[in-house]
S.K.: 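Mind looking over this structure? Questions follow.
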Amino acid sequence: MLKNRVVSATEVTKEYLSRIERMNSDLHAYLTVGKEEAIRAARRVDALRAKGLPLPPLAGIPIAVKDNIVTKGIRTTCGSKMLEHFVPDYDATVVERLKSAGMIVLGKTNLDEFAMGSTGEYSGFENPRNPQNHEIIPGGSSSGSAVAVSAGLACVALGSDTGGSVRTPALCCDLVGFKPSYGAVSRYGLIAFASSMDQIGILARTVCDVDMLARVLFGTDEKDATTVPISLQREPIALHGVTIGIPSEYWERTGEENQTALYRVIECMRKEGAVIKKISLPTTPYLTSIYYILSSAEAASNLARYDGIHSGEARDEPPTALRSKLFGPEVKRRILLGNFVLSAGYRDAYYERALRARGAVIREYQAAFEEVDLLLTPMSVGRVPKCGEFIVRPARMYDEDLHTVAANLAGLPAISLIVGRKQGLPIGAQLLAPRFSDEFLLQAAQRLEICLAGGVT
Amino acid sequence: MMEWEVVVGLEIHAELNTKTKLFCACENRFGGVANTRVCPVCTGVPGSLPVLSRAAVRAAIRTGLALGCEIRAKSQWARKHYAYPDLPKGYQISQHKTPLCYDGLVEFRIGNEKKQVRIRQIHLEEDAGKLIHEKQATMIDYNRCGVPLIEIVTEPDLRSAAEARALLEQIRLTLLYLGVSDCRMQEGSLRCDVNVSLKKPGSETLGPRVEMKNINTFSGAERAILFEIERQTRILNQGGTVVQETRRWDDVAQMSTLLRSKENAEDYRFFPEPDLPMLVLQDQERKEDLPELPLARFYRYREAGIGETDATLVIASPQMAGLLDECMALGCVPCTAATVLLNLGEAGLVLRAKQICDVLQATEDGIISKTAARRVLEYLMEHDATTEQAITALDLRQVGEEPQLLEWVRAGLLAHPNAVSDYRAGKKNAFGFLTGQCMRASEGRADPKRLQEILRSELDGYNK
């Protein structure tokens, strides 16, 4: 629409900004809105168009950015009181790429504090609310990003995914959630949670939107030594002859509604000519334990720098008092857990063991992908939880991550799609591909999306 | 009183003189206005990531090879956690299980003996910032934060404070000759911790070791070790046991105090650094052509006839040694050239080898006297000229003609009649005095031998 001059970028941006003004105080999707910068950016796009100059690929498209991604001159809180007043003096690499593509950054979205949480109930500020259904969780940790896209407060959004934090809120808010292969997208400027698992991901309404944005974000970065070149070519891939594996251990650990919805997906895939195969992934029961030991250890390390001395306003309190005051309960739990598993006397039993187990997980999925081309799994254990269900027993919340963490442990690209509804609650499915096969995954997901919508291929 | 065997090991940190810091592009330079050589990476701003400088790796490899080490083909970075204001990330990026270099051997001289010390490992790590204590507050300067350090850890093979000092000096010289560090202890680019323990003579079991920190000079290292030997000896001779602990050396008070007991030892919670891939080195990267190292150079100079003290002194300055080599290549007599260079000192390093050799040759050929030689060299230090030009400019061409010499001798004798009488009276040193005075009269230009012949003949054949 923008290209055809039906509307101007400035009009579009102002429309989104006014929606945000009306709805954000209720939904708490955004923590900071960059009104002036957004309008300026939109005007620049319109000026280019008026001059007849070529426009960058996504010019004028409004995007929301999760508040753990650094934006120059715009407050970046990480959803935490610890960084309540942090205004970075540099842009994350992905933000530079968005701006070069002409996108309009509307603001910074709410999240579970320091990206730790899967329900969206652990923000250091007001928690966001699921716009489709206020009673269920928005999902986390990219809760605000999911709410923003779902409520029409942004066209697409950036999130981050360490154990499912893009895919889970996408499921809860009726969206598509994509986590790239580890190393596909630069982490420079992503405030670290678990450095060996974090990836910046995309929340959008359709796979097509995800795909367009992925092309802008992918690419090596000399400022991030863990990036790897991954190409996204454009030829369409057919699902005919593709083998899709369904891990029995995942299947056994999900409710009936989810299984029923998965049958629908299997039907679609078969119609496309794919071959469905049952496979076994014996590490499945151990995945959440491995994940929580390793990610907490890395988190405790990454958060060691927040001591009130190196950043923030001058304060008289010692670091221990400040950290107790400014970190929320979930962050504290993970720091304590992380330091414990790394401490002398416990490190071999926990950290070292979990590290070796992670190696086993990686090898297991590599072997699986020699038998099958894609993995199809449920997106959750049961139905999407209600707000407050896990506050009393956080460990139960950890168990819910079973289906999502493998992708982070093994660096695999993963995408979650909505495949059904039951009693008004969304039901999702997840596709996993071998590491670096992001293009293949996105193509397969697109085929599936069309098929599920009843489209002809 | 039991005689205990001294066991000493060293942990040496040297700042590498690479252009940039270890994990970011900030300039690596001493001093500067506080917090001007910083960026998000070296100040640990949220969202920043480290990127490895290959130049630092190459410098570490050269050091490892020079110290006889194996170079690891695959080594990993590790996070070392502790809380201190000069460490912005709350951890230091270092190496833990897989140090870059290991199993080395260093030979060094102590007196007339040669000794060997095994090197356990050398690894790379980033430096921390600097705390500046002022009256109202303590300030932090992050200019130094992220500067590349190599940590050299020896096995406990040293057996005395003197040996430790000799090894320290040897390693310092080696690093200077490799050109990897400027090794200035007073600027903090070379630091040393010592580990001291005592054991029963002949026993294989090592006693509990005490680590000492805050050592800022080589002589301080020696003093600290001696103090610690004495302290531990006293404890053991009284039947007590030495406690394994970390102590702080105070060079002013000349004593050490407890810093950390074993119970309060830091738990660094090491784990592999996830932000940096494993450092993988190709075969050709693990080999290097090294410059001639100080010990080899010492023996070469000795073989060339240079005295032990002179050789040691010249080698202490890589520039001077280089200049000496050039002189030797041009055919100078090594020990003469060495003496000249040492006499001129650092100021003489502006001279070119050809100039020095020409002066030495002119002296040998009798064109100028030895005293004149010094003046010529000083002239050349100030003016860009050839030796020929200098000699002419100063009019120092040695005079050997009898008439002129006679003139000077007679002038000298006339000026000092008392000395003449002394000589006649039998006082032999009067001759030396008169020689000196005649040389002065000639402004150093007289050929000393000829002058003395004429002087003697004048004195002896003098007829009042």
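Proteins come first, then strands; the chains are lettered A, B, ... in the order of their sequence lines, and each starts at number 1.
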S.K.: Most heavy-atom pairs under 4.5 angstrom with chain B, which of M197(A), R347(A), E352(A), E222(A)?
M.R.: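 Sorted descending by pairs with chain B, the first entry is R347(A).
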S.K.: Among S301(A), A304(A), A225(A), which has the most heavy-atom pairs under 4.5 Å with chain B?
M.R.: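 Most heavy-atom pairs under 4.5 Å with chain B: S301(A).
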S.K.: Against chain B, label Y188(A) side chain, backbone, both or neither, depending on which of its atoms sit under 4.5 Å from a heavy atom there.
M.R.: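 When you check distances to chain B, atoms from both the backbone and side chain of Y188(A) fall under 4.5 Å.
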S.K.: Counting only heavy atoms closer than 4.5 Å, note whether L87(B) contacts chain A via side chain, backbone, both or neither.
M.R.: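 Only the backbone of L87(B) comes within 4.5 Å of chain A.
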S.K.: Answer yes or no: are there more than 12 heavy-atom neighbours, outside K199(B) itself, under 6.0 Å from its atom NZ?
M.R.: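 More than 12 within 6.0 Å, yes.
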S.K.: I'd like to know which of G90(B), P88(B), A25(B) tops the heavy-atom pair count under 4.5 Å against chain A.
M.R.: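 Among G90(B), P88(B), A25(B), the one with the most close pairs to chain A is P88(B).
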S.K.: Output the option from V341(A), N339(A), D224(A) having the highest count of non-hydrogen pairs under 4.5 Å with chain B.
M.R.: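 The option with the most such pairs is N339(A).
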S.K.: Please report whether the ring centroid of Y350(A) lies less than 6.0 Å from that of F340(A).
M.R.: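 Centroid separation for F340(A) and Y350(A): below 6.0 Å.
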S.K.: Do T246(B) and E211(B) meet the criterion of a side-chain donor-acceptor pair at a distance under 3.5 Å?
M.R.: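 Result is yes, a qualifying pair exists.
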S.K.: Taking side chain to side chain contact (heavy atoms under 4.5 Å, CB included) as the criterion, tell me which of T76(A), L83(A), T109(A) meets it with D67(A).
M.R.: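 Only one option passes, and that is T76(A).
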S.K.: So which part of A344(A) gets closer than 4.5 Å to some heavy atom of chain B, the side chain, the backbone, both or neither?
M.R.: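 It is both, since atoms from each part get that close.
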S.K.: Considering only heavy atoms, which portion of F271(B) lies under 4.5 Å from any heavy atom of chain A: side chain, backbone, both, or neither?
M.R.: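 Its backbone and side chain both get close to chain A.
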S.K.: Side chain, backbone, both or neither: which part of D267(B) has an atom under 4.5 Å from a heavy atom of chain A?
M.R.: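 Only the side chain of D267(B) comes within 4.5 Å of chain A.
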S.K.: In terms of side-chain geometry, is the basic nitrogen of E126(B) or K89(B) positioned less than 4.0 Å from the acidic oxygen of its partner?
M.R.: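 Looking at E126(B) and K89(B), the cut-off is met.
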S.K.: Shorter than 4.5 Å, heavy atoms on both sides: which option in I69(A), V70(A), N302(A), N68(A) has the most such pairs with chain B?
M.R.: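 Top count of heavy-atom pairs under 4.5 Å with chain B: N302(A).
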S.K.: Tell me, side chain or backbone of A297(A) under 4.5 Å from chain B's heavy atoms, or both, or neither?
M.R.: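 For A297(A), the contact with chain B is made by the backbone alone.
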S.K.: Given that the side chain runs from C-beta out, which part of Y142(B) has a heavy atom under 4.5 Å from chain A: side chain, backbone, both or neither?
M.R.: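 Just its side chain gets close to chain A.
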S.K.: Please determine if E266(B) and K80(B) form a salt bridge, counting it only when a charged side-chain N lies under 4.0 Å from a carboxylate O.
M.R.: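 Salt bridge flag = no for K80(B) with E266(B).
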S.K.: Can we call the ring centroids of F270(B) and H96(B) under 6.0 Å apart?
M.R.: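 Yes: the rings meet the under 6.0 Å criterion.
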S.K.: Measure from the ring center of Y306(A) to the ring center of F114(A) and say whether it is less than 6.0 Å.
M.R.: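 Yes - the distance between ring centres of Y306(A) and F114(A) falls below the 6.0 Å cut-off.
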